[in-house]
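Here's the structure we're looking at; comments come further down.
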Amino acid sequence: MSSHGKVNSGASVNHKRSAEAVNPKTNPDPSDNQIKDPEDWVTGDEPMTGAQASYLKTLSEQAHDPKAFDPKLDKAEASKRIDQLKQKQGH
């Protein structure tokens with residue numbers, strides 16, 4: 001193999017390593033604050049998502065707390081209630 005081929009293979013390996021180093025999915029930065037308080041969400045005042053509604057409904061039924069589910073909740077409040085119900089159930 002020529003030295004030209006070796007340079008290319010080394011460069012691609014180095015490029016791959018540097019790409020992995022900056023990919024937050026494969027190498028998350030522990031100093032990065034990825035979890036925000038729902039009160040600080042930009043879209044927290046929008047209606048809760050379908051996934052949130054479904055999960056909250058399921059959790060409220062499992063906890064025998066039907067009042068925990070309110071279809072009019074916003075994203076932030078739904079998230080807080082989901083967290084409360086999960087903690088209540090030991091999740």
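The chain is numbered in sequence order, starting from 1. Keep in mind the model is a prediction, meaning the values are calculated, not measured.
- Two residues are said to be in side-chain contact when any heavy atoms from C-beta on lie closer than 4.5 Å; Glu77 and Asp70 fail this criterion.
- Heavy atoms only, all atoms of each residue included: Met48 and Leu56 are closest at SD-CD2, 4.4 Å.
- The heavy-atom pair separating Ala63 from Leu85 by the smallest distance is CB-CD2, 3.9 Å.
- Nearest heavy atom pair, residue Ser60 against residue Phe69, reads OG-CB, 3.6 Å.
- The two residues Lys67 and Arg81 come nearest to each other via the heavy atoms O-NH1, 3.6 Å.
- Counting only residues at least two apart or on different chains, the salt bridge (charged side-chain N to carboxylate O under 4.0 Å, His left out) pairs with a member in residues 82-91 are Asp65-Lys88.
- Checking side-chain atoms of Thr58 against main-chain N and O of Ser54 turns up a donor-acceptor pair under 3.5 Å.
- With sequence neighbours excluded, no residue satisfies side-chain hydrogen bond (donor to acceptor under 3.5 Å, both in side chains) with Gln62.
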